[in-house]
Number of protein chains: 2
Amino acid sequence: MNAPTIIEAPNTAAVIAALQARFGDRLSTSPAIREAHGRGEGLRDLAAPSAVVFAETTEDVAAVLALCHEARVPVIPFGTGTSLEGQLQALGGGISLDLGRMDKVLAINAPDMDCRVQAGVTREALNHAIRDQGLFFPLDPGANASLGGMAATRASGTNAVRYGTMREVTLGLTVVTPQGRIIRTGGRARKSSAGYDLTRLYIGSEGTLGVITELQLRLFGVPEVISAARVQFPDLASAVQTVMAVMACGIAVARIELLDALQMQACIAWSRLEGFAVAPTLFLEFHGSEAAVAEQIAMVEALAGEHGGSAFAFATTTEARSAMWRARHEAYHAARGLAPGKDSFTTDACVPISRLADCIAESHAEAQALGLVAPIVGHVGDGNFHMLVLFDPADPDERARADKLAASVSERAIRMGGTCTGEHGIGVHKLDALLLEHGAEAVAVMQAIKAALDPHGIMNPGKTVPSLPPLG
Amino acid sequence: MNAPTIIEAPNTAAVIAALQARFGDRLSTSPAIREAHGRGEGLRDLAAPSAVVFAETTEDVAAVLALCHEARVPVIPFGTGTSLEGQLQALGGGISLDLGRMDKVLAINAPDMDCRVQAGVTREALNHAIRDQGLFFPLDPGANASLGGMAATRASGTNAVRYGTMREVTLGLTVVTPQGRIIRTGGRARKSSAGYDLTRLYIGSEGTLGVITELQLRLFGVPEVISAARVQFPDLASAVQTVMAVMACGIAVARIELLDALQMQACIAWSRLEGFAVAPTLFLEFHGSEAAVAEQIAMVEALAGEHGGSAFAFATTTEARSAMWRARHEAYHAARGLAPGKDSFTTDACVPISRLADCIAESHAEAQALGLVAPIVGHVGDGNFHMLVLFDPADPDERARADKLAASVSERAIRMGGTCTGEHGIGVHKLDALLLEHGAEAVAVMQAIKAALDPHGIMNPGKTVPSLPPLG
């Protein structure tokens with residue numbers, strides 16, 4: 001286990017004592033609980049916080065921040081612990097602020113199709129709460145993440161091609177500033193030109209500017225019909241060209257996911273699939289009226305056919321859809337099954353769709369040249385794809401090759417006009433890539449904002465924005 | 001004419017001399033040109049800048065800003081001069097930076113459906129440039145505004161209900177900071193989680209944080225079919241309930257515009273319309289495949305019928321659509337025609353759609369109580385509506401009543417969970433409303449960002465964010 005040496009702030013013990021007085025058994029310094037708060041999903045690297053506070057209200061959060069701001073002790077917000085880029089590592093110790101108990105759906109406004117939730121509500125819990133009103137919250141990053149955490153990392157997932165990312169579906173926030181002040185951003189209007197867009201500034205800031213404690217979110221009507229489809233291709237380029245044609249025709253697919261041949265090989269073995277070849281495959285979902293969905297399926301089938309697609313099939317009942325999508329749903333475990341005992345991490349490049357086939361092909365070739373097993377899954381309607389890079393944690397050379405692949409996938413995406421992260425964030429892993437992507441002058445603007453809003457640097461230090469000399 | 005006393009910065013004359021040396025006849029101090037840069041569309045209040053510079057490149061902009069930053073002289077970015085909230089007033093004199101000559105479409109990427117333009121390109125010029133590639137840029141705020149100006153005010157318009165606002169369609173920007181540094185924000189990827197969302201921070205900042213010189217914009221495929229429809233209602237509430245039903249059913253209308261009875265009365269007289277009653281009317285537009293559009297029209301007709309709609313009609317050819325929408329297109333001039341010789345300004349409230357009927361009804365009643373003529377047009381799918389408030393500039397009492405109405409429309413929208421501005425911005429007119437809407441603590445965060453990025457306060461001073469004590 002990699003556990004970096006943590007140098008705690010001098011006032012840490014005093015702050016923990018003061019927090020204990022206020023929070024009692026809602027503060028924990030147990031090693032097991034601290035460790036559970038000091039990494040992310042499937043990550044080996046650990047940097048445990050000095051203590052964990054379980055907040056129940058926005059005022060709890062404000063109290064923690066005011067105290068830590070005064071004492072210059074770091075605070076790391078925590079939702080469900082499913083972040084992937086090291087956002088949770090307590091690099092300088094300090095307080096992990098667990099919002100999991102802030103799990104109340106505060107308001108559901110069916111006529112306006114919006115809701116207000118506490119930050120610890122998970123996307124599945126929200127969908128459970130609104131289902132009987134004919135509404136749903138579409139974003140699906142895979143994990144049953146907290147909505148606060150999803151906003152903090154600007155998450156999205158398979159449905160983003162139709163419904164947008166957290167940036168688009170969030171109307172407003174309640175945020176506690178590093179000083180412990182409570183602000184509300186945005187509102188309930190669908191659009192606004194009133195002042196600086198603080199909502200979008202906090203979305204994607206990964207807990208480095210403040211703590212999101214409530215969210216006002218857009219909801220959507222449950223579609224009349226949901227259908228699924230799958231189609232296979234002789235090569236990756238044909239699959240991606242089909243996606244481009246689908247997007248160019250304005251077909252409002254709800255999901256359009258690519259699995260490469262290696263990932264399909266893994267899925268066929270893991271999920272015991274029948275009727276699939278080991279070939280690049282698109283999985284699609286359609287939402288709409290019966291006529292609209294039927295028209296979309298026919299158009300997609302025709303476009304796929306023009307690009308060499310075969311074995312087109314679609315399904316409409318819930319059971320048949322689930323069966324058809326099983327490969328996609330079990331892709332992560334199937335890929336891990338390619339090399340039992342190995343560790344893995346996930347790349348997150350996102351490029352203009354015209355560069356997607358090249359970006360995937362070059363990355364795939366590089367993985368092979370490096371002797372790495374790295375199957376690919378892509379939210380291809382957005383130009384976003386993930387390589388699950390498998391490596392033996394006991395083999396430093398393989399780990400180094402895996403890291404090299406990850407870095408060059410980021411660089412390749414940036415060179416192609418894209419981004420090093422479509423939906424996972426910067427965390428501690430991609431600080432160099434951020435600089436490469438945006439340049440020193442733009443990063444200096446980010447740093448100036450960080451310095452202005454968090455002058456003592458207590459909020460999730462070492463993440464998201466690299467340290468740079470301040471703006472002159 | 002209201003011309004406030006302008007106290008220029010001490011170095012203004014020296015800066016103008018230095019700029020003249022660099023820009024020659026691209027700098028003007030002619031009174032006519034200065035006046036044309038010191039107000040906005042249809043606004044009487046004037047605060048002319050000390051000089052106007054016509055920039056042709058991002059480097060020109062950087063040179064102006066570096067000089068003015070050093071000399072502490074204000075800079076006010078200028079596009080087409082169509083802003084409505086006083087954003088262009090040179091309250092402290094200084095340099096109006098006219099970007100109108102930065103009118104090049106730099107790149108059109110048809111496969112990715114995006115483009116890069118200089119900030120002075122207007123939306124109509126962009127659409128002209130991309131039309132033969134089967135693409136269009138949907139946002140339509142009415143005026144043929146520059147795209148840089150539309151980003152700066154977070155503009156939207158009639159198509160936003162389907163295609164989003166400048167917030168959603170902008171992928172990235174080139175911005176010159178107040179210090180004269182050139183940064184690029186965002187990129188060409190459809191989504192990104194890489195660092196703070198500077199793109200969204202500059203969008204809507206009304207030239208107070210820097211100057212937008214280039215934009216990377218999403219484009220859309222020209223729909224296979226465009227149809228228009230109109231339907232009339234016995235009362236406003238029935239019309240709005242129809243809109244709510246349409247939105248709840250997920251019908252992807254491209255436009256859904258409301259004109260109230262007074263506005264329809266004006267339109268019938270001005271545009272010599274036949275076949276319309278003096279009654280609240282919805283005008284709609286549908287984009288999609290032939291089958292999808294036909295289905296949408298049938299659904300909307302049925303929903304309108306359930307809510308008392310009558311005189312439903314639709315049109316598909318370009319000519320028939322134009323004829324049907326003529327009332328909407330000529331609404332402004334028709335409304336002005338209600339009281340020839342009077343001046344007007346426009347309110348811009350946006351509320352959750354469940355409050356829209358109440359907000360309009362209360363505002364309408366208040367206008368009547370105040371003895372004001374104020375017809376209403378609404379982008380009702382977004383909950384946004386405009387009252388065109390007519391007043392006699394020679395009658396201070398009527399002007400005062402008009403201002404009172406404007407202030408209370410903003411307050412009412414905020415009280416109902418909405419915003420004082422859906423798409424026109426804060427400018428100088430709504431600084432009080434901004435404070436009411438977001439609260440002093442959130443405005444203090446905006447002020448801290450302003451102070452961090454523009455420490456000398458040269459960028460469009462007096463706009464968007466009220467002066468407040470800095471964050472402690």
Side-chain angles (χ1 to χ4, degrees), chain A residues 111-112 153-154 156 160 165 168 177 181 183-185 187-198 200-201 203-205 221 244 248-250 289 291-292 295 350-354 382-383 417-426 434 437-439 441-442 445-446 448-449 452-453 464-465, chain B residues 111-112 153-154 156 160 165 168 177 181 183-185 187-198 200-201 203-205 221 244 248-250 289 291-292 295 350-354 382-383 417-426 434 437-439 441-442 445-446 448-449 452-453 464-465:
Chain A
D112 295 309
T153 52
R154 209 180 288 128
S156 44
T165 73
E168 282 79 31
T177 71
R181 299 195 185 103
I183 66 170
R184 279 177 81 132
T185 74
R188 291 190 55 223
R190 275 285 180 271
K191 63 183 192 180
S192 170
S193 289
Y196 301 157
D197 192 344
L198 298 183
R200 254 50 62 179
L201 180 63
I203 290 174
S205 66
M244 288 172 67
C249 289
S289 68
E295 184 182 37
C350 186
V351 294
I353 200 165
S354 67
D382 297 316
T419 176
C420 64
T421 169
E423 55 187 14
H424 296 167
I426 296 295
L434 181 83
E437 181 170 332
H438 291 300
E441 295 285 13
V445 172
M446 296 183 195
I449 293 168
L453 301 190
T464 314
V465 178
Chain B
D112 295 311
T153 51
R154 207 179 290 130
S156 45
T165 72
E168 283 79 30
T177 72
R181 300 196 186 104
I183 67 170
R184 279 176 81 131
T185 73
R188 291 189 55 223
R190 276 284 181 271
K191 63 182 193 182
S192 171
S193 289
Y196 302 157
D197 192 345
L198 298 184
R200 255 48 62 179
L201 180 63
I203 291 174
S205 66
M244 290 172 66
C249 288
S289 69
E295 184 182 39
C350 186
V351 295
I353 199 165
S354 68
D382 296 315
T419 176
C420 64
T421 169
E423 55 186 15
H424 296 166
I426 296 295
L434 181 84
E437 183 169 330
H438 292 300
E441 295 285 12
V445 172
M446 297 184 196
I449 292 167
L453 301 191
T464 314
V465 178

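Just so it is clear: chains get the letters A, B, ... in the order the sequence lines come, proteins before strands, and each one is counted from 1.
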Partner chain A: residue of [options] with the largest heavy-atom pair count (under 4.5 Å):
options: Gly417(B), Gly422(B), Ser354(B); value: Gly422(B)
options: Ser156(B), Gly418(B), Ser192(B); value: Ser192(B)
options: Gly204(B), Gly221(B), Gly425(B); value: Gly425(B)
options: Thr177(B), Val465(B), Ile203(B), Thr185(B); value: Val465(B)
options: Gly439(B), Ala292(B), Pro352(B); value: Pro352(B)

- Item | Partner residues of Asp197(A) under the side-chain hydrogen bond (donor to acceptor under 3.5 Å, both in side chains) criterion, sequence neighbours left out |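 Checked Asp197(A) against side-chain hydrogen bond (donor to acceptor under 3.5 Å, both in side chains); matches are Arg200(A).
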- Could you tell me which residues satisfy side-chain hydrogen bond (donor to acceptor under 3.5 Å, both in side chains) with Thr153(A), sequence neighbours excluded, listed by chain and number?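 side-chain hydrogen bond (donor to acceptor under 3.5 Å, both in side chains) check on Thr153(A) returns nothing, list empty.
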- Task: For a salt bridge (charged side-chain N to carboxylate O under 4.0 Å, His left out) with Asp382(B), tell me which candidate from Arg188(A), Arg190(A), Lys191(A) qualifies.
- Result: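 With Asp382(B) as partner, salt bridge (charged side-chain N to carboxylate O under 4.0 Å, His left out) holds for just one option, Lys191(A).
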Which answer fits [X], side chain, backbone, both or neither, if we ask what part of it has an atom under 4.5 Å from a heavy atom of chain A?
X: Ile353(B); answer: both
X: Leu434(B); answer: side chain
X: Met244(B); answer: side chain

- Message: Please report the interatomic distance CE(Met446(B)) to CG(Leu201(A)), rounded to the nearest 0.5 Å.
- Response: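 Here the rounded value is 10.5 Å.
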Contacting region of [X] [heavy-atom separation from chain B under 4.5 Å]:
X: Leu198(A); answer: side chain
X: Glu168(A); answer: side chain
X: His424(A); answer: backbone

- Item | Largest heavy-atom contact set with chain B, pairs under 4.5 Å, which of Cys350(A), Ala189(A), Gly187(A), Ala194(A) |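 Highest number of pairs under 4.5 Å: Ala194(A).
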- Any sub-3.5 Å donor-acceptor pair from Ser193(B)'s side-chain atoms to Thr421(A)'s backbone N or O?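 Here the side-chain-to-backbone pair does not exist.
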- For Ala442(A) against Arg184(B), the heavy-atom pair lying closest together: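 Result for this residue pair: CB-O, 3.8 Å.
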